[in-house]
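Position 1 is the first residue of the sequence; numbering continues from there.
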Amino acid sequence: MEELLNAMPTIETSVPVVEKLDANLFRITVKIVNKGMLPTYAEIGDKVRFVSRIKTEIKLNENQKMVSGRKYFLRNALQPDESEEYSWLISGSGTATITTGCATTGIKEIKVELK
């Protein structure tokens with residue numbers, strides 16, 4: 001039983017890379033990877049549509065505005081050691097929050113300070 005638990009999918013996120021492009025303009029880049037030995041969910045989940053896909057979302061505060069990128073990204077299963085990188089251009093300062101995960105992996109949250 002312990003072996004199965006250790007093989008379960010585990011989403012890890014890299015430390016966000018924040019590049020200051022201008023006085024109040026930042027590029028945030030984050031990479032997510034499945035560190036487990038199993039995919040985040042079985043492929044049949046894509047066909048039956050009862051399994052939630054992996055969602056990576058950025059939540060901005062009232063002082064921030066998205067210049068480029070999407071509020072959230074949905075993707076199908078991540079295979080073991082497979083990764084995906086996301087990037088946003090944000091105008092403003094303060095704290096932004098990035099969440100990523102799905103029902104089978106749990107949700108991870110990262111706070112990013114733009115200053």
Side-chain angles (χ1 to χ4, degrees):
M1 181 71 161
E2 188 176 328
E3 290 176 14
L4 178 60
L5 289 174
N6 291 334
M8 294 301 287
T10 305
I11 294 289
E12 289 187 10
T13 54
S14 67
V15 174
V17 176
V18 178
E19 301 170 76
K20 188 170 187 171
L21 304 175
D22 204 356
N24 257 351
L25 184 64
F26 301 88
R27 176 182 293 123
I28 303 171
T29 305
V30 68
K31 184 177 187 179
I32 65 169
V33 63
N34 177 8
K35 289 295 193 177
M37 296 183 340
L38 295 171
T40 53
Y41 59 84
E43 283 183 35
I44 192 71
D46 293 330
K47 295 177 182 156
V48 297
R49 300 181 189 194
F50 284 111
V51 177
S52 62
R53 296 187 289 170
I54 299 169
K55 181 178 183 181
T56 301
E57 179 177 13
I58 189 163
K59 297 173 184 171
L60 305 176
N61 68 36
E62 63 278 349
N63 300 325
Q64 299 167 334
K65 184 176 95 176
M66 188 169 314
V67 176
S68 176
R70 294 174 24 199
K71 180 178 164 114
Y72 64 88
F73 297 91
L74 293 174
R75 72 151 284 146
N76 293 337
L78 274 174
Q79 298 302 313
D81 283 327
E82 185 178 11
S83 64
E84 186 85 18
E85 189 173 89
Y86 301 105
S87 185
W88 300 270
L89 279 179
I90 306 297
S91 174
S93 61
T95 304
T97 305
I98 300 170
T99 59
T100 191
C102 65
T104 56
T105 64
I107 306 294
K108 305 282 183 181
E109 182 177 280
I110 300 173
K111 302 262 187 210
V112 180
E113 191 66 35
L114 304 178
K115 52 183 174 179

Show the nearest heavy-atom pair for residues Asn34 and Leu78, with the distance to one decimal. ND2-O, 3.0 Å

Starting at OG of Ser93, measure out to CD of Gln64 and round the result to the nearest 0.5 Å. 7.0 Å

Using every non-hydrogen atom in the two residues, find where Lys35 and Asp81 come nearest and quote the distance to one decimal. CD-OD1, 4.4 Å

Do the side chains of Ile98 and Leu89 join up, straight or via other hydrophobic residues, at under 4.5 Å, putting them in one cluster? no

Quick check for you: to the nearest 0.5 Å, what is the distance between Leu114 atom CG and Thr95 atom OG1? 7.5 Å

Nearest heavy atoms of Thr104 and Pro9, plus distance in Å: O-CG, 4.2 Å

Which heavy-atom pair separates Ile28 from Pro16 by the least distance, and what is that distance? CG2-CB, 4.3 Å

Can you sort out the partners of Gln79 under side-chain hydrogen bond (donor to acceptor under 3.5 Å, both in side chains), two or more places apart, ordered by chain and number? none

Same apolar cluster: Phe73 and Ile110, side chain cutoff 4.5 Å: yes

In the structure I gave you, are the side-chain heavy atoms of Arg70 and Tyr86 within less than 4.5 Å of one another anywhere? no

Test of understanding: with side-chain contact (heavy atoms from CB on, under 4.5 Å), list the residues that count as partners of Lys55, not counting sequence neighbours. Glu57, Tyr72, Leu74

State the OG1-CD distance between Thr13 and Glu84, to the nearest 0.5 angstrom. 14.0 Å

Check ion pair Lys111-Glu109 (N to O, under 4.0 angstrom): yes

Given the options Thr100, Val33, Thr56, Ile11 meets side-chain contact (heavy atoms from CB on, under 4.5 Å) only with Thr100

Given Ile90, which partner from the list Asn24, Val112, Leu60, Val67 fulfils the side-chain contact (heavy atoms from CB on, under 4.5 Å) test? Leu60

Where do Trp88 and Val30 come nearest, in terms of heavy atoms and distance? CZ3-CG1, 3.7 Å

Give, for atom NZ of Lys59 and atom NZ of Lys71, the distance between the pair rounded to the nearest 0.5 Å. 7.5 Å

Return the NZ to CD1 distance between Lys108 and Ile32, rounded to the nearest 0.5 Å. 11.5 Å

Just by modelled atom types, is the Lys31 backbone N or O under 3.5 Å from a matching donor or acceptor in the Ser14 side chain? yes

For Pro80 and Pro39, the nearest pair of non-hydrogen atoms, with its separation, is CD-N, 3.9 Å

